[in-house]
There are 2 protein chains.
Amino acid sequence: MAKLQKSIDKRNALIKATIELVNNNGFHATPLSKVAKMANVSPATIYLYFENKQDLVNKTYIEVKEKFTAYAFETFKEDMAVEEGFKLIWNRIADFKFKHCEEAMFLAQCDNTPMIDEPSREVGIKHFQTLLDLWGRGKKEGLIKPMSDHILYAYTIIPLSFLIISQKRGAITLTKEHIEQSYLAAWNSIKA
Amino acid sequence: MAKLQKSIDKRNALIKATIELVNNNGFHATPLSKVAKMANVSPATIYLYFENKQDLVNKTYIEVKEKFTAYAFETFKEDMAVEEGFKLIWNRIADFKFKHCEEAMFLAQCDNTPMIDEPSREVGIKHFQTLLDLWGRGKKEGLIKPMSDHILYAYTIIPLSFLIISQKRGAITLTKEHIEQSYLAAWNSIKA
DNA sequence: AAAAAGAGAATGAACATTCATTTTTATATA
DNA sequence: TATATAAAAATGAATGTTCATTCTCTTTTT
């Protein structure tokens with residue numbers, strides 16, 4: 001009997017093509033025929049790996065988000081001091097967005113449009129729990145202002161996302177100093 | 001001879017329907033048939049007011065952006081002190097986004113996707129010149145850190161946009177204090 | 001040889017745009 | 001003031017295209 005042996009390479013190629021085409025044209029303006037062509041695959045083959053177009057995009061979102069958060073929290077340890085931990089995570093996030101700006105742009109587009117369905121969005125949020133926990137500890141220890149997580153997020157992560165995307169669009173060229181300065185602004189905005 | 005007398009009401013209804021439907025479904029997932037229905041108009045009528053679907057969305061973007069910046073700068077005077085002027089403009093922006101969050105969400109979606117064509121995007125940016133000029137003066141007078149406009153924008157306006165959208169999505173409830181606090185964080189991030 | 005993977009060519013629905021008519025409007029004339 | 005008329009405004013019903021999805025056949029794998 002034959003074994004289930006779908007090529008992980010084909011799947012990866014489909015995900016990669018989806019990211020690139022959606023970045024350039026948006027979800028509804030990227031026909032599966034183009035995704036298939038870019039991945040060197042027949043349109044019908046997409047349906048061996050994904051249920052339909054929506055599923056392809058949902059799964060792409062979740063996978064990219066997972067990759068992102070795995071990178072962000074990789075070197076963090078639960079017993080770190082709040083400020084140290086925050087600085088570490090913030091810089092890992094900056095680093096990821098810097099190195100993988102295609103993925104970062106894709107996530108930004110997903111987060112600002114009705115492209116992704118609600119369940120997938122929820123899954124994406126869950127992966128961020130580590131940072132929320134750290135903030136919770138910081139608030140309890142009186143090191144971080146008693147603000148809601150959304151506000152902390154708005155002051156620290158959101159400006160960073162915008163800067164990376166501006167760079168990707170060619171509007172600015174970010175240096176190490178920019179990133180360092182941006183981190184300081186972020187921490188100053190939230191520290192008690 | 002009959003006068004050119006296209007109903008401004010119909011045009012406004014079309015713009016309004018476009019904003020609402022694009023907010024909920026995205027550009028490519030809002031058929032003109034639905035826009036027409038929501039505006040109580042025949043699909044064919046859209047073509048009396050706009051060249052095609054892309055033109056409808058471009059014009060909607062430019063109109064909303066114009067309304068937004070007109071409001072933002074309405075009470076500003078060129079001879080104001082930098083800090084005073086910035087505080088005023090920032091608060092007007094907050095106020096607009098608060099009161100017209102449908103429009104604010106629409107702009108956010110346009111700014112984060114390839115939905116709008118490049119020329120229209122350029123027009124939208126131009127309308128922001130007043131704030132850029134004020135920042136330029138602030139930098140020259142040594143009141144604002146010598147950062148690029150994009151970075152100033154990232155620290156001051158972008159977090160605000162995110163907060164308003166989070167509120168619209170039901171994730172938080174913003175109070176006067178939040179807004180005041182957010183202004184202080186913004187100013188502290190950029191003041192020399 | 002049998003089961004899965006893959007392909008290219010249909011299929012059918014959705015949708016932007018156009019077409020052929022009808023309705024409204026504004027004004028010039030009675 | 002009422003009426004006729006010509007131009008614009010508006011419409012609902014085509015039209016043709018694009019595209020997600022499916023079908024049937026071929027190739028690969030074990």
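Chain identifiers are assigned alphabetically (A, B, ...) following the order of the sequence lines, protein sequences preceding nucleic acid strands; residue numbering begins at 1 within each chain.
- Residue pairs satisfying the ring-ring contact (aromatic ring centres under 6.0 Å, His included) criterion with at least one member in residues 95-115 of chain B, sequence neighbours excluded, are listed as follows: B:Phe68-B:Phe96, B:Tyr71-B:Phe96, B:Phe96-B:His100.
- With hydrogens and angles ignored, a donor-acceptor pair closer than 3.5 Å exists between the side chain of A:Ser42 and the base of C:dG8.
- Atom CD1 in A:Ile46 sits roughly 13 Å away from atom C1' in C:dA7 (whole-Å rounding).
- In this entry the distance linking NZ of B:Lys10 with P of D:dA8 reads 17 Å, nearest Å.
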List the atom pairs, donor and acceptor, that lie under 3.5 Å between side-chain atoms in residues 76-91 of chain B and the rest of the protein, sequence neighbours left out.
| residue | atom | partner | partner atom | Å |
| --- | --- | --- | --- | --- |
| B:Glu83 | OE2 | B:Trp187 | NE1 | 3.4 |
| B:Trp90 | NE1 | B:Thr156 | O | 3.0 |
| B:Asn91 | ND2 | B:Lys87 | O | 2.9 |

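- Here B:Ile125 is tied to no hydrophobic group at all, with no ILVMFWY side chain closer than 4.5 Å.
- Going from atom CG of B:Leu14 over to atom C1' of D:dA10 covers 12 Å, rounded to whole Å.
- Remark: B:Lys16 NZ is loosely packed, at most 12 non-hydrogen atoms of other residues, nucleotides or ligands lying under 6.0 Å away.
- Between the CG atom of A:Asp55 and the C1' atom of D:dA20 there is a distance of 14 Å, given to the nearest Å.
- Computed from coordinates, the A:Arg11 CZ to C:dA5 P distance equals 14 Å when rounded to whole Å.
- The CG-C1' distance, from B:Asn40 to D:dT11, rounds to 13 Å in whole Å.
- Distance A:Lys37 NZ to D:dT18 P: 13 Å, rounded to the nearest Å.
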For a quick check, with a 4.0 angstrom heavy-atom cut-off, what is the B/S/- contact string for nucleotides 15-21 of chain C, read 5' to 3'?
SSBBB--
Using atom types as modelled, flag every donor-acceptor pair under 3.5 Å from a side chain in residues 141-155 of chain B to any protein atom, sequence neighbours excluded.
| residue | atom | partner | partner atom | Å |
| --- | --- | --- | --- | --- |
| B:Lys145 | NZ | B:Ser189 | O | 3.2 |
| B:Ser148 | OG | B:His150 | N | 3.3 |
| B:Ser148 | OG | B:Ile151 | N | 3.4 |
| B:Asp149 | OD1 | B:Lys139 | NZ | 3.2 |
| B:Tyr155 | OH | A:Ser182 | N | 3.3 |
| B:Tyr155 | OH | A:Ser182 | OG | 3.3 |

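- To the nearest angstrom, C1' of D:dA10 lies 8 Å from OH of B:Tyr49.
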For residues 28-44 of chain A, please give each side-chain donor-acceptor pair under 3.5 Å, one per line with the distance, not counting sequence neighbours.
| residue | atom | partner | partner atom | Å |
| --- | --- | --- | --- | --- |
| A:Thr30 | OG1 | A:Phe27 | O | 3.0 |
| A:Ser42 | OG | A:Ala44 | N | 3.1 |

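- Relative to the side chain of B:Val41, the nucleotides C:dG8, D:dT11, D:dA9 differ in distance, and D:dT11 lies closest.
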